[in-house]
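Working notes for the structure below.
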Amino acid sequence: MIVANWKCNGSKKMIRDWVKEFKDTYILSDDLYLGIAPAYIHVEHLADSLSSNDLDIKYGVQNIDLSNGARTGAISLDMVHDMACSFSLIGHSEMRNIYGETNENISGKLDLIDKSLDIILCIGESAEENLNDKTKEVLKHQLQVLNDRNLDENFTIAYEPVWAIGTGKTPTSEQINEIHNFIKDIVQSSSGSNTVPKVLYGGSVNENNAQSFFNEDFVDGALIGGASLNGNSFAKIVNLYNGVD
Ligand code: PGA
């Protein structure tokens with residue numbers, strides 16, 4: 001599973017260029033879940049471009065609000081369904097840090113979405129927590145939102161150390177593998193379903209380092225910010241994942 005998180009970037013022109021670059025580089029391969037989360041305002045434009053170019057890429061959103069109604073600036077689950085989105089990111093560290101997203105909010109959003117969309121729950125420790133050897137403790141706390149939940153195939157986790165996002169720094173692939181194994185264990189023992197979720201790695205993934213992460217047993221794909229803004233780079237990473245570069 002490889003998902004692009006475009007954050008607050010992009011334009012109609014960028015989408016046109018992106019699709020062309022992606023098609024120039026992408027080597028078609030079956031059965032891989034490929035997704036893009038553009039800004040809400042570009043979802044339908046992206047959807048049209050993908051379908052008119054016969055690209056089997058799902059599109060989704062970067063967040064959903066807890067309800068509709070008097071919530072200025074928000075986008076509701078109904079609106080996301082109305083745009084025929086396949087998935088939503090939930091709990092991205094930028095939502096936690098800039099907009100004050102809490103475990104309680106996240107839990108409410110998971111209740112709301114339930115099985116109606118694919119969910120990518122983002123978790124990760126800060127630089128300070130990492131330095132103080134608190135990574136596992138922090139992840140365990142963030143994963144409490146899954147306690148006794150009946151998880152399904154629609155549920156994926158993205159491990160994104162905050163200090164690795166957009167910085168060019170990453171943990172080693174061995175460290176990532178160990179954390180992913182830890183996450184899978186915690187989720188398996190705390191959720192009501194015994195499901196082992198897919199765990200993606202996110203944080204400064206690019207075409208030069210992606211292969212080393214993909215070689216690891218417990219890495220089931222990537223959530224990619226900066227490097228996904230260029231269709232060419234994103235396609236190169238997808239080709240690496242597919243082993244067809
Ligand atoms: P990055 O962002 O690839 O630019 O580090 C990843 C993310 O925030 O999802």
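Note: hydrogens, waters and symmetry copies are ignored here, and every other heavy atom, side chains too, is used. Just so you know, ligand 1 is whichever comes first in the structure, and atom 1 is the first atom listed for that ligand.
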Considering only heavy atoms of [X], which atoms of ligand 1 have at least one such atom less than 4.0 Å away?
X: L223; answer: 9 (O)
X: G203; answer: 5 (O)
X: G226; answer: 1 (P), 3 (O), 4 (O)
X: K7; answer: 2 (O), 7 (C), 8 (O)

Carboxylate-amine/guanidinium contact D220 K184, below 4.0 Å: yes
Close approach, G166 and ligand 1, non-hydrogen under 4.0 angstrom: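 Yes, G166 has a heavy atom closer than 4.0 Å to ligand 1.
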Top protein contact for atom 3 (O) of ligand 1, by heavy-atom distance: G225 N, 2.8 Å
Nearest-contact summary for atom 9 (O) of ligand 1 - protein heavy atom, Å: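 It is E160 OE2, 2.7 Å.
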H180 and Y159 aromatic ring geometry - parallel, tilted or perpendicular at 30°/60° bounds: perpendicular
Parallel, tilted or perpendicular: rings of W18 and F234 (30°, 60°): tilted
Single-linkage hydrophobic cluster, 4.5 Å side-chain cutoff, L223 and I237 together: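 No, L223 and I237 fall in different hydrophobic clusters.
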Verify same cluster id: L143, M95 (apolar side-chain graph, 4.5 Å): no
Result of checking E125, E129, E178 against K136 for salt bridge (charged side-chain N to carboxylate O under 4.0 Å, His left out): E178
Ligand 1 versus N5: contacting region, heavy-atom distance under 4.0 Å: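 N5 to ligand 1: side-chain contact only, backbone stays beyond 4.0 Å.
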